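Have a look at the structure below, then the notes.
Counting from 1, the numbers follow the sequence of the chain as shown. Everything numeric in this text was worked out from a predicted model, so none of it was measured.
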Amino acid sequence: MNNSAVLPMKPAVSFYGLGIPFLLVSMLAMMVLPMPPFMLDLFFTFNIALSLVVLLVVIYTVRPLDFSVFPTILLAATLLRLSLNVASTRVVLLEGHTGGNAAGNVIQSFGEFVVGGNYAVGLVVFAVLTIINFVVVTKGAGRISEVSARFTLDAMPGKQMAVDADLNSGLITQDEARARRQEISGAADFYGAMDGASKFIRGDAVAGILILFINIIFGLGIGMVQHGLDFSKAAEYYTLLTIGDGLVAQIPSLILSTAAAIAVTRDSTSKDMGDQVIGQLLNKPKPVAITAAIVGGLGLIPGMPNLVFLTLGLIFGALAYYMQKINERNEQIEVEEVNEEEIEPQNKDLSWDDVPMVDVVGLEVGYRLIPMVDKNQGGQMMSRIKGVRRKLSQELGFLIQPVHIRDNLDLSPNAYRIILMGVPAGEGEAYPEKELAINPGQVFGNIKGIQTKDPTFGLEAVWIDPGMREEAQTLGYTVVDSSTVVATHLSHLLNKHAHELIGHEEVQQLLDMVAKQSPKLIEDLVPKVLPLGIVVKVLQNLLAEGVPIRDMRTIAETLAEHAAESQNSDVLTAAVRAAMSRQIYQHINGMDQEMGVITLSPELEQILQQSVQSASDMGLGMEPGLAEQMIQELNVCIKQQEMDNKAAVLLVSPVIRTQLARLLKNLAPNLHVLSYNEVPDSKNIKVVAAVGGQKVAAA
């Protein structure tokens, strides 16, 4: 007997996916097959209900892109109306001589309600609805969609660069960057599709006008010639049916056109339309109060409809008073919360708690930047800083300390200052109500705003109004908000000074984490063969040269292996770098098999080795002229490598690598100094330049 479990079979076709194909087949059937009046009533009612559902979904959708299937629904609804027009036209022309209910009760009810015994008025009402739909709503929505699609496409490169900048600075994760890129491309697709869908709606309005004339003209001819009706009777029947048919089709068309116009005129704020209207139109009582005074004043003028104007004036006045009271209550609550936080116990004796400790990382802001760091005022700075700390902690290999934020009245209102170990490490200016348009090196025009420089990299930049974001991105600028500017600056400084942020406490935490997996390794290392201070100094040396310390197990094993030979932190650092050669190579050159390197001439390298041996721990004892010449030649080689989009690497002997790297750290900051034993055996090197040959020979 087979005891294997029987798995339920997955249905070949999902029933949820049959709705659209069934609707399309029904449309084709309505165009070809005759339909009874009952089915016409059913489909016309469904068409009206569908348009109302779509309108309400658009109103309550948080963002336009959340209803990205809207253009497809517009197309399907338009085809449904055209199919119903064909079906109803067939019934009107075939059965119109029997009376007003020949095409169903829905068409008859709409016709009688609007006509009201006067067919000229009915025709005028139908014409007005069609003109409103065709000339005003549909044309305006189509124009907005066209312009939005064009500007969205033009701004895509700048938006993509902004996403890459946020990703590189650690403000967002890979998944968030992927989602934002999809949203950018989705916006272009949405507005382009809406531009095309508006053409269908306009065509539907034109078709409605033509169908009106067809039904009336041919209906009168068929009724009088084929069925023997007199002109008045034929006009009564066919005009009633035609106007009812047109209204049943045009009303849903007008509703969907309105929904399309609402969708393309909304901004991308994460609120539904009701919250936006209430939050922006009625959030200030002053305009409402002035309106109440003007309307009330008009009500006092003799000859005006005094009752109506005075009533509306009182309503607007009461609304303004109510809004003012709500604002005062909210402000009072905020003041009370601040006062509760600032209240301190009185007559408290001094203690060690009153001696402030220096913050490892701090951020001071001027008073105008306080909304950026206050969550209650919508500030995003706290979450941005948390993202920076998370990214740097993952990249560097240790936990970045929390950033303590405080206001500083000594700073200018828009200034901020980044503090490391109690000492200012960087400062800049930010404007919470503006955005920074950064010139990445090539733009296609100038933009108006406050000229400045990017505080992180010193690039030319302009503070602009948020409404100019699309224009700036179209011109090639990278546009970021003020919180991103500060967070990027903070990320750059923390990465640059990472070796200052790690101390005994952080190193002990790292060793404890390694001990969970390799307890014997850590037990034999600290403090048996190496004191904790030496391990701290080695890790600081690695971070100072841009080498992450994520692989703590390899670092600990290398230290344990070489600790018996030397307790010198520089010697141990060199041994750890050699053990981490693959990681260092990949960090510099990626996955490329070959790396271009700069070398020193044999004569210059011999001179440097002799100077290191004679100077001992004092550094390089080089002749100033020789050092200056070497640095000039190195800078020329570095520029050439950067032009070739390659990393600049100086390959030297292990004896001089440490001292030479310290000498060149600030004089040639874009240069990586490696020793021969720091290149993995599986990788190849290619000498692209040699430095010092002519100068040494001349000497």
Side-chain angles (χ1 to χ4, degrees), residues 19-33 35 39-59 61 64 67-90 92 103 106-107 110 126-127 129-146 148-149 189-215 242 244-265:
I20 298 299
F22 176 77
L23 183 60
L24 294 176
V25 172
S26 300
M27 294 177 189
L28 296 176
M30 284 188 287
M31 293 182 180
V32 178
L33 302 176
M35 293 185 62
M39 293 299 297
L40 282 177
D41 289 345
L42 180 62
F43 276 104
F44 275 125
T45 305
F46 171 76
N47 189 25
I48 296 173
L50 175 63
S51 61
L52 291 174
V53 169
V54 172
L55 176 63
L56 293 176
V57 170
V58 170
I59 291 175
T61 297
F67 196 26
S68 59
V69 75
F70 186 31
T72 305
I73 294 179
L74 283 178
L75 173 60
T78 302
L79 293 177
L80 176 61
R81 285 196 304 275
L82 293 176
S83 301
L84 288 173
N85 284 139
V86 174
S88 61
T89 298
R90 180 189 298 109
V92 168
V106 173
I107 291 178
F110 272 83
F126 174 79
L129 288 176
T130 305
I131 292 172
I132 291 173
N133 186 18
F134 177 72
V135 178
V136 181
V137 181
T138 304
K139 187 175 182 180
R143 179 58 178 166
I144 294 174
S145 300
E146 179 183 354
S148 300
D189 295 340
F190 175 77
Y191 288 110
M194 287 298 298
D195 182 25
S198 63
K199 303 297 189 298
F200 287 107
I201 300 177
R202 294 184 65 185
D204 178 46
V206 175
I209 298 174
L210 296 178
I211 292 172
L212 172 71
F213 288 109
I214 291 173
N215 285 345
T242 300
D245 180 28
L247 289 174
V248 171
Q250 283 302 314
I251 289 177
S253 177
L254 180 60
I255 294 175
L256 287 178
S257 301
T258 305
I262 293 174
V264 298
T265 54

Taking atom [atom1] of [X] and atom [atom2] of [Y], what is their separation to the nearest 0.5 Å?
X	Y	atom1	atom2	value
Leu84	Phe46	CG	CZ	10.0 Å
Leu74	Leu79	CG	CG	11.0 Å
Phe44	Leu80	CZ	CG	9.0 Å

Residues in side chain to side chain contact (heavy atoms under 4.5 Å, CB included) contact with [X], at least two apart in sequence or another chain:
X	answer
Ser253	Arg81, Asn133, Ile201, Asp204, Gln250, Ser257
Val53	Val57
Ile255	Ser51, Leu52, Leu55, Ile251

Of all heavy-atom pairs between Ala259 and Val58, which one has the smallest distance, and what is that distance?
->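 Here Ala259 and Val58 meet closest at O-CG1, 3.5 Å.
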